[in-house]
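Remarks on the structure that follows.
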Amino acid sequence: MRGSLKAYKSVAVSSQKDVASPYRMVQMLLAGALERLARAKSAMEQNQPAQKGELIGSALAIVAELQAALDVDAGGDIAANLDNLYDFAARELMQANSENSVERLESAAGVLREIKAAWDAIPADQQEVPA
């Protein structure tokens with residue numbers, strides 16, 4: 001049953017990605033990173049280093065994808081600030097993994113939560129990407 005549920009969830013996420021706007025994709029990526037970090041914290045607290053490392057690695061990949069998608073030239077100061085925040089979060093995650101530090105994990109998660117909250121607050125009429 002568990003395998004079937006996991007397969008269904010994978011198909012559901014894949015289907016959402018196919019029709020999601022760029023705005024919605026960023027929301028999904030941030031939510032996915034935060035979900036992985038919550039699970040990594042639990043794995044860290046339960047002394048499951050392999051699972052912790054896998055989850056932090058997955059969150060790092062998401063942060064790297066978000067950072068790579070930034071257009072600093074077009075986005076100006078906002079994109080540059082996001083770039084710095086993603087860089088900080090990535091460094092905190094690497095340190096959290098190597099030091100087994102819940103505090104650094106929470107630090108990175110806090111930054112991502114703030115970005116997500118700001119992203120979620122964008123009014124619907126401003127969510128479209130200009131052509």
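Here the structure is a predicted model, which means the values were calculated and not measured.
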Rounded distance [0.5 Å steps], CE in Met25 versus CG in Leu30 = 11.0 Å
task = State plainly whether one hydrophobic cluster holds both Leu55 and Met44, where clusters connect Ile, Leu, Val, Met, Phe, Trp and Tyr through side-chain heavy atoms under 4.5 angstrom apart.
result = no
request  = Compare every heavy atom of Ala59 with every heavy atom of Ala33, then report the nearest pair and how far apart it is.
outcome  = O-CB, 4.1 Å
ask   = Out of curiosity, Arg39 CZ to Glu35 CD, how far, rounded to the nearest 0.5 Å?
value = 4.5 Å
query = Which pairs count as side-chain hydrogen bond (donor to acceptor under 3.5 Å, both in side chains) when at least one residue sits in residues 51-61, sequence neighbours excluded?
reply = Arg36-Ser58, Lys52-Asn97, Lys52-Asn100
key: With sequence neighbours excluded, residues passing salt bridge (charged side-chain N to carboxylate O under 4.0 Å, His left out) with Asp120   = Lys116
key: For Leu34 against Ala109, the heavy-atom pair lying closest together   = CD2-O, 3.5 Å
inquiry  = If I take atom CD from residue Glu106 and atom CG from residue Leu37, how far apart are they, to the nearest 0.5 angstrom?
reply    = 8.5 Å
task = Taking side chain to side chain contact (heavy atoms under 4.5 Å, CB included) as the test, write out the residues that go with Leu29, two or more places apart.
result = Ile62, Glu65, Leu66
inquiry  = Per the ring pair (Phe, Tyr, Trp, His ring centres under 6.0 Å) rule, what does the pair list look like for residues 91-120, sequence neighbours excluded?
reply    = Tyr23-Trp119
ask   = Side-chain contact, heavy-atom cut-off 4.5 Å: Leu112 with Tyr86?
value = yes
message = In this structure, would Val102 and Met94 fall into the same cluster of hydrophobic residues linked by side-chain contacts under 4.5 Å?
response = yes
Side chain to side chain donor-acceptor pair (under 3.5 Å) partners of Asp83, counting only residues at least two apart = Gln67
Exercise answer: donor-acceptor pairs, residues 73-81 side-chain atoms, under 3.5 Å, sequence neighbours excluded:
{"from": "Asn81", "atom 1": "ND2", "to": "Asp77", "atom 2": "O", "distance (Å)": "3.3"}

query = Who passes side chain to side chain contact (heavy atoms under 4.5 Å, CB included) against Gln46, sequence neighbours left out?
reply = Ser42, Gln48
key: Listed partners of Arg104 passing salt bridge (charged side-chain N to carboxylate O under 4.0 Å, His left out), at least two apart   = Glu92, Glu99
key: Pairwise side-chain contact, Ile56 with Leu105, heavy-atom cut-off 4.5 Å (strictly under)   = yes
ask   = Would you say Val111 and Leu93 are hydrophobically clustered, going by side-chain heavy atoms of ILVMFWY under 4.5 Å?
value = yes
